[in-house]
Amino acid sequence: MSARVAGVSIIVFAVLGILWFNLESTPPRLGFEDTDDPSVMVQFIRENPAVFIQAGTTLLLMSVTLTIAVLSVATLFASGSDSVSLRATSAFGLFGAGLFLLGGAVRVGSSGPLLHMAGLREEWGAAAYVAAQVVSQAVLIGGTLALCVWAVGLSLIGARTKVIPLALCVLGVLPAFRIVSGMFGPLGLLPDADVLWILSLLSILGTIMWSLILGIVLLVRSFRSTHELAAADPATVGA
């Protein structure tokens, strides 16, 4: 049952991640091209307040599903793996879930006060947006890094214990690009800011897709195990 819970929770997390990514890219699609301009984004939130809240709500749901996924996956990996490395890996996953929770709370909770301040004075609204954006972006970057460490850690443990297919473990290397860019990019050790941005974007998408594939693998394995158990002992069918 834990494999099924793990598979479903990871799949739901990945789908929510794709939805969140889509919501974050809404402003340019609606004609608000300069997303770095606070006044432009305040106008976007004023005209589309639901999108900002939906993005925050999606992050809250991602936090819940990721927490369930981390705990259930840890149960599956418990046999045959080093408990210290598994606990450390799970700690990063839970830390990422906590940061997604904080980021979602900032998004949901700041929209009302932000619009209220913008109604009083436009520059106050812009300043409120900058403050909320700095906080939410900081915690979301941290959450994404923690998620990448969790994915890479599971891939290394999975390659050692054969709990998940080797091909999936190899794909788990993709999130490492986000770790490298996050650690060394600000130190100027990567050649170009555009390269850093592209690596970060690809690794975020890669981590979400890796999570989706992992969930599918675990879910299929769960149904296969149930079928094999029922075939071996027909009395278990319907139990």
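All residue numbers refer to positions in the sequence shown, counting from 1.
- Taking both residues in full, the closest heavy atoms of Ile10 and Ser211 are given as CG2-O, 2.7 Å, listed atom of the first, atom of the second, then distance.
- Not one N or O on the side chain of Trp150 forms a donor-acceptor pair closer than 3.5 Å with the backbone of Val70.
- Here the CG-CD1 distance, from Leu60 to Ile53, works out to 11.5 Å after rounding to the nearest 0.5 Å.
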Q) What's the verdict on side-chain contact (heavy atoms from CB on, under 4.5 Å) for Leu212 and Met209, showing C-alpha distance, side-chain angles and the deciding distance? A) CA-CA 5 Å; Leu212 180 62; Met209 296 310 298; 3.9 Å; yes
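- Across all non-hydrogen atoms, the minimal contact from Gly172 to Ser155 is CA-OG, 3.1 Å.
- Counting heavy atoms from C-beta on, the side chains of Val217 and Pro165 come closer than 4.5 Å.
- Between the CG atom of Leu66 and the CG atom of Leu94 there is a distance of 7.5 Å, given to the nearest 0.5 Å.
- In plain terms, the two heavy atoms of Phe52 and Ser110 that are nearest each other are CE2-OG, 3.7 Å.
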Q.
Checking Phe13 against Leu147 for the side-chain contact (heavy atoms from CB on, under 4.5 Å) test, could you report, in this order, the C-alpha distance in whole Å, the side-chain angles of both residues, the deciding distance, and whether it holds?
A. CA-CA 12 Å; Phe13 167 76; Leu147 176 66; 3.7 Å; yes
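- Residues Ser39 and Tyr129 fail the side-chain proximity criterion, which asks for heavy atoms closer than 4.5 Å.
- Once rounded to the nearest 0.5 Å, the distance linking OG of Ser25 with CG of Leu30 reads 9.5 Å.
- Under the 4.5 Å side-chain contact rule for hydrophobic residues, Val15 and Met62 share a cluster.
- Put simply, CG on Leu120 and CG on Leu115 are 11.0 Å apart, with the number rounded to the nearest 0.5 Å.
- Across Glu33 and Pro28, no two heavy atoms sit closer than the pair OE2-O, 3.4 Å.
- Sorted by first and then second residue, the salt bridge (Lys or Arg N to Asp or Glu O under 4.0 Å) pairs involving residues 125-138 (not counting sequence neighbours) form an empty list.
- Counting only residues at least two apart or on different chains, the side chain to side chain donor-acceptor pair (under 3.5 Å) pairs with a member in residues 40-60 are Gln43-Arg46, Gln43-Glu47, Arg46-Glu122.
- Here the side chains of Phe44 and Val40 are not in contact, with every heavy-atom distance at 4.5 Å or above.
- Note: the hydrophobic cluster containing Leu166 does not contain Leu156 (ILVMFWY, side chain heavy atoms under 4.5 Å, direct or indirect links).
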Please list, one pair per line, the donor and acceptor atoms closer than 3.5 Å that link side chains of residues 98-109 to other protein atoms, with sequence neighbours excluded.
from, atom 1, to, atom 2, distance (Å)
Arg107, NE, Ser136, OG, 3.4
Arg107, NH1, Glu24, OE2, 2.5

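- Taking both residues in full, the closest heavy atoms of Ser72 and Ser9 are given as OG-OG, 4.0 Å, listed atom of the first, atom of the second, then distance.
- Residues Val134 and Met117 fall into different hydrophobic clusters, defined by Ile, Leu, Val, Met, Phe, Trp and Tyr side chains chained together at heavy-atom separations under 4.5 Å.
- Judged as a ring pair (Phe, Tyr, Trp, His ring centres under 6.0 Å), and not counting sequence neighbours, Phe92 has no contacts.
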Q | Residue pair Ser83, Arg87: steps toward the side chain to side chain donor-acceptor pair (under 3.5 Å) verdict | A | CA-CA 6 Å; Ser83 60; Arg87 288 177 182 177; 4.9 Å; no
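- Partners of Arg121 under the side chain to side chain donor-acceptor pair (under 3.5 Å) rule, at least two apart in sequence or in another chain, are Glu123.
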Q. Can Ile208 and Ile18 be said to form a side-chain contact (heavy atoms from CB on, under 4.5 Å), step by step?
A. CA-CA 7 Å; Ile208 292 176; Ile18 295 172; 3.7 Å; yes
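- Side-chain contact between Val163 and Ile157 is absent, with no heavy-atom pair separated by less than 4.5 Å.
- Hydrophobic clustering of Ile, Leu, Val, Met, Phe, Trp and Tyr side chains at less than 4.5 Å, counting indirect connections, keeps Ile216 apart from Val170.
- If you take CG on Leu76 and CD1 on Ile164, they are separated by 10.5 Å, rounding to the nearest 0.5 Å.
- Side-chain N or O atoms of Arg29 include one that pairs as donor or acceptor with a backbone N or O of Asn22 at under 3.5 Å.
- Contact detail for Gly125 and Val42: the closest heavy-atom pair is O-CG2, 3.5 Å.
- Rounding to the nearest 0.5 Å places CG of Leu86 at 9.0 Å from OG1 of Thr161.
- Checked by atom type and distance alone, the side chain of Thr89 pairs as donor or acceptor with a backbone atom of Ser85 at under 3.5 Å.
- By the ring pair (Phe, Tyr, Trp, His ring centres under 6.0 Å) test, Phe95 is found to be paired with no residue, residues two or more places apart in sequence or in another chain being considered.
- Under the 4.5 Å side-chain criterion, counting only non-hydrogen atoms from C-beta, Leu59 is in contact with Leu140.
- Judged by distance alone, the side chain of Thr75 and the main-chain N or O of Leu71 form a donor-acceptor pair under 3.5 Å.
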